[in-house]
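Note that the coordinates shown come from a computational prediction; the quantities given were computed from them, not determined experimentally. In what follows, every chain begins at residue 1, and chains take the letters A, B, ... in the order their sequences are listed.
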Amino acid sequence: MLISVNEQSSQPIYLQIVNQVRQQLREGIIKPGDELPSVRELALILGVNMHTVRSAYLKLRDQEIINLRLGRRATVTRIPRSADSKEVQQELHSRIQELITDGLLANLTAANIRKIMEEELSRIKEE
Amino acid sequence: MKNRTIHPLWTHVPAIGVFIYLVIRLAIASPLPARAALNFTAGGRPNDYSSPWIAFGLALGLGLFFILLAIASDEIWARQEKQKTFNWMACFDEVIVGFLTALSLGYLDYLSGNEALFVFPWRYIVILPAVAIILSLLLEAARPFRLYPRRISSQDTSALQQEISRRLHSQDILVYWESQNPLWNTILAVLVPILMLVGAVLTWSEGPWVSLILILVGILLASFYGGLRVTVDRKYLSVRLGILGLRVLHLKLEDISGLEIKEFSPMNDFGGYGIRFNKQMMAFYLAGTSGLVLTTSLGKRYLIGSNQPENLRIIIGSLKQ
């Protein structure tokens, strides 16, 4: 697992960790069954607070990307869900709603937000 | 034939034969007395009495355990062979089973002969294991070599290379982490200490020293929980072991002059798993047969076991630059 953290970024560190784990899972760098470092270990090697790492792991667990068990390291357990699953679409709607709200609160126009989303989609597709 | 063993089971016939002989002798000698001398002084005088089946049960149980252990360990040896090598450890089940059987036969003679003193059965002890060992070594010499078909999986490292090239030139904190934490390590670090703790409690009344030793060994084994972890950041490579994260290797990336992916045989090349040495290098692995050999500028060589050695090579190579 490759993790990088930018302390100067406006994105919270826990979200940086979550997004990197998701991205690496998508790219095949980490695979279902792979272990992740423990909360304490990752916090130590990144030099961040344990609660930050714990927040990241809890978010990943809520998204069913990792499995958290008492006394054992987190393991990646992403089971691909059908693209037509209503549950997946509802979740996506709710997260995009959150992003759009953040964009609008930051005084971005709808056109700007649309452009950013299309740019990101193209970039990911190219990869 | 998916689950066919590579190491032929007929090489264990001497140990199995001795075991079956013990079972037959016990069946013929039955019924045994309900209560008999079980413990003896150095002079052979009985000083404790109980059911003789405690002794015979222990001999049978341990005998079966060591036969199964030998089958498993010989199979591991055979699967790691790239050419036929003589496995001297192939006869250890014959040694154990032969000794236990000889001792049991001597005890059986004592019970059936109504002797006053137990005489140590030297004749059985010398002849039975010796015959079993010689047969075992002959069978090991006759064992055919079978190459274990390994699944060679090629690693697609393009995604990782892209990721690292994106992040390399930023000022971000950058860390690569991987682990080796096989199931047997977890069993060794959890189950065995529990058994030792139970043993310590049961033997406490006999004297606290045995219990203390069991507890200390149990704590030592439990410290291995968590396996081996490799961490690479912009400056250092570290290998940590166990629940305490004991740092067993710490190298500056700038001191690493060579990187080489290596396939190895844990049993043949290093005689086991864990932190190992041979004439060429020091090795750190708990599973698998592949790893990355690091050569330092001082000429020291270290083998880091990895399930993805190509990833590790790319990370270290990129961060060194």
Q. Quick one: what part of A:Arg72 sits under 4.5 Å from any heavy atom of chain B, side chain, backbone, both or neither?
A. both

Q) More than 12 foreign heavy atoms under 6.0 Å from CZ of B:Arg234: is that the case here? A) yes

Q: Give the member of A:Leu42, A:Ile30, A:Ile45, A:Asp34 that has the highest number of heavy-atom pairs under 4.5 Å with chain B.
A: A:Ile45

**Q.** Heavy atoms of other groups near A:Gln8 CD, more than 12 under 6.0 Å
**A.** no

Q: Assess whether atom NE2 of A:His51 is packed by more than 12 heavy atoms of other residues, nucleotides or ligands within 6.0 Å.
A: no

Q: To the nearest 0.5 angstrom, please state how far the CG atom of A:Leu44 sits from the OG1 atom of B:Thr231.
A: 9.0 Å

**Q.** Closest non-hydrogen atom pair, A:Leu46 against B:Ile173
**A.** O-CD1, 3.4 Å

Q | Contact summary for A:Ile29 and B:Gln308, nearest pair of heavy atoms | A | O-NE2, 4.2 Å

Q: Starting at CD of A:Glu35, measure out to CD of B:Gln180 and round the result to the nearest 0.5 Å.
A: 10.5 Å

(Q) Quick check on the structure: residues of residues 293-306 of chain B within a heavy-atom distance below 4.5 Å of chain A, by number. (A) none

Q: Can you see which heavy atom on B:Gly226 is nearest to which on A:Arg73, and at what distance?
A: O-NH2, 2.5 Å

(Q) Quick check for you: to the nearest 0.5 Å, what is the distance between B:Asn311 atom CG and A:Met1 atom CE? (A) 13.0 Å

**Q.** Heavy atoms from other residues, nucleotides or ligands near CZ of A:Arg54 exceed 12 (cutoff 6.0 Å)
**A.** no

Q | Straight-line distance of B:Asp233 CG to A:Ser4 OG, nearest 0.5 Å | A | 13.0 Å

Q) Tell me, side chain or backbone of B:Ile243 under 4.5 Å from chain A's heavy atoms, or both, or neither? A) neither

Q: Side chain from CB out, backbone as N, CA, C, O: work out which of these in A:Leu36 comes under 4.5 Å of a heavy atom of chain B, or both, or neither.
A: backbone

Q. For atom CH2 of B:Trp209, is the number of surrounding heavy atoms from other residues, nucleotides or ligands below 6.0 Å larger than 12?
A. no

Q.
Can you give me the closest heavy-atom contact between B:Trp177 and A:Glu41, atom names plus distance?
A. NE1-OE2, 3.2 Å

Q: Rounded to the nearest 0.5 Å, what's the gap from CD on A:Gln23 to CD on B:Glu163? Could you check?
A: 4.5 Å

Q: For atom NZ of A:Lys59, decide whether the heavy atoms of other residues, nucleotides or ligands shown that lie under 6.0 angstrom number more than 12.
A: no

Q: Heavy atoms only: give me the nearest B:Leu174-A:Leu2 pair and the separation to one decimal.
A: CD1-CD1, 3.8 Å

Q: Answer with side chain, backbone, both or neither: which region of A:Gln16 has an atom nearer than 4.5 Å to a non-hydrogen atom of chain B?
A: neither

Q. Are there residues of residues 101-111 of chain A that reach to under 4.5 Å of chain B by heavy atoms, and which ones?
A. none

Q) To the nearest 0.5 Å, what is the distance between CD (A:Gln24) and CG (B:Leu160)? A) 7.5 Å

